[in-house]
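Order of appearance sets the numbers: ligands from 1, and atoms from 1 within every ligand.
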Amino acid sequence: MNYPLIAPSILSADFADIAAGLEAIRRAGADWIHLDVMDGHFVPQITFGAKMVNDIRARSSLTLDVHLMTSDPERLIPAFAEAGADCITFHVEACVHAHRAVQSIRECGKKAGISIVPSTPAAALSELLPFVDLVLVMTVNPGYGGQRLLPFCLDKVRELRALRAAKKLDFQIAVDGGIGPATIDEVAGAMPDVLVVGSAFFDAEDKGAVIRSLRAAYVGRPIVC
Ligand code: DX5
Ligand code: ZN
């Protein structure tokens, strides 16, 4: 696929007016909605729980991409599945029995994603890759929107692409943190399949133009693997 899916993160939306944020995402022509769940333990902030996903599900038919930045994510899976998430991603650093957690997401009929923070190597995922639908490579230390991209994390995207090709797997690779028009040239060099965009989307006057510029950066690039 020589075309990135764009997933605006509602973390950067006005939480007092989520409906307006959803409408902005729809109008701009985004592909997914990224929902950052923070528990005040795995990361310092607290955002929202399954009810938010449930209420957004009632208002949007876009793919709901839940990113659990929580300790002990396994126990939260049923509630987020029930709430209408399409894909549930958790951190390998937060879960000893990650393979079991992946299985329980799939048993709920949802896509299973696994994420790594900047200090975790891609190799930490090698045993899980055959079982997941998505790998979310954090390109900032998770916990806050509006941080600067850490370019060394993009090497992990390249590594995962190579592993995917070598093992003939078909998971998608997403990047999250510091993605936007200012960094897209660097990011597009690694060709992740999904771009999570928080502040660069919500801070922009013309949100459609942000999405168009991110997609345009992939056009004409050769697909390596
Ligand atoms: C950060 C979250 C991100 C965040 C990205 O911990 O996981 O999804 O919304 O925000 P930006 O795009 O502003 O870095
Ligand atoms: Zn996220």
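The closest protein non-hydrogen atom to atom 6 (O) of ligand 1 is Gly143 N, 2.8 Å. Scanning the protein for heavy atoms near atom 12 (O) of ligand 1, the closest one is Gly198 N, 2.8 Å. For atom 1 (C) of ligand 1, the closest non-hydrogen atom of the protein is Tyr144 O, 3.5 Å. Protein heavy atom closest to atom 10 (O) of ligand 1, with residue, atom name and distance, is Gly145 CA, 3.6 Å. In terms of protein heavy-atom proximity, atom 14 (O) of ligand 1 is nearest to Gly178 N, 2.8 Å. Taking atom 9 (O) of ligand 1 as the reference point, the nearest protein heavy-atom neighbour is Ser9 OG, 2.9 Å.
Here the protein contributes His34 NE2, Asp36 OD1, His67 ND1, Asp176 OD2 as N, O or S atoms under 2.8 Å from the Zn ion (ligand 2).
Looking at Ile10, Val175, Asp176 and measuring to atom 5 (C) of ligand 1, the nearest heavy atom belongs to Asp176.
When each of Thr120, Val196, Asp176 is checked for a side-chain contact (heavy atoms from CB on, under 4.5 Å) with Met138, only Asp176 meets the rule.
The shortest non-hydrogen separation linking Pro118 to Leu150 is CG-CD1, 3.8 Å.
Close approach of ligand 1 to Met69 is summarised as follows: ligand atoms under 4.0 Å from at least one heavy atom of the residue are 6 (O), 7 (O). Under a 4.0 Å criterion applied to the non-hydrogen atoms of Asp36, ligand 1 contributes the atoms 2 (C), 3 (C), 4 (C), 7 (O), 8 (O), 9 (O). Those atoms of ligand 1 that come under 4.0 Å of a heavy atom in Pro142, given as number and element, are 6 (O). Atoms of ligand 1 found under 4.0 Å from any heavy atom of Leu11 (numbered from 1 in listed order, with element): 4 (C), 9 (O). For ligand 1 and His34, the ligand atoms under 4.0 Å from any heavy atom of the residue are 8 (O). Residue contact check: Val196 has heavy atoms under 4.0 Å from atoms 8 (O) of ligand 1. If you number the atoms of ligand 1 from 1 as listed, the ones under 4.0 Å from a heavy atom of His67 come out as 7 (O).
Summarising the local packing, CD of Gln45 is surrounded by more than 12 heavy atoms from other residues, nucleotides or ligands at distances under 6.0 Å. Applying the 6.0 Å contact sphere to CG of Asp170 captures no more than 12 heavy atoms from other residues, nucleotides or ligands.
Between the CG atom in Leu195 and the CD1 atom in Ile6 there is a gap of 4.5 Å [rounded to 0.5 Å].
Considering backbone and side-chain N/O of Asn141, none are found under 3.5 Å from N/O of ligand 1. For ligand 1, the polar-atom distance check against Ser199 finds a nitrogen or oxygen pair separated by under 3.5 Å. Between Gly177 and ligand 1, not a single N/O pair is under 3.5 Å apart.
For the pair Pro192/Val137, no side-chain contact is recorded, criterion being any heavy-atom separation below 4.5 Å from C-beta on.
Not one N or O on the side chain of Thr63 forms a donor-acceptor pair closer than 3.5 Å with the backbone of Trp32. Put simply, the side chain of Arg164 gets close to the backbone of Phe171: a donor and an acceptor are under 3.5 Å apart.
Checked by atom type, the side-chain pair Asp65/His67 shows no donor-acceptor distance below 3.5 Å. A donor and an acceptor atom, one from each side chain of Asp36 and Ser9, are located under 3.5 Å apart.
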Where do Ile77 and Glu107 land on the side-chain contact (heavy atoms from CB on, under 4.5 Å) test, with the steps shown first?
CA-CA 10 Å; Ile77 290 164; Glu107 277 161 18; over 6 Å; no
Can you list the steps and then say if Phe201 with Ile211 is a side-chain contact (heavy atoms from CB on, under 4.5 Å)?
CA-CA 8 Å; Phe201 179 85; Ile211 292 185; 3.8 Å; yes
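Between Arg26 and Glu23 there is a salt bridge, with a side-chain nitrogen of the basic residue lying less than 4.0 Å from a carboxylate oxygen of the acidic one.
Taking hydrophobic clusters as Ile, Leu, Val, Met, Phe, Trp and Tyr residues chained together by side-chain heavy-atom distances below 4.5 Å, Leu136 does not share a cluster with Val197.
Taking the six-membered ring where tryptophan is involved, the planes of Phe131 and His99 are perpendicular, since the angle between them exceeds 60° and thus also 30°.
Using a non-hydrogen distance threshold of 4.0 Å, Ala200 does not register as a contact of ligand 1.
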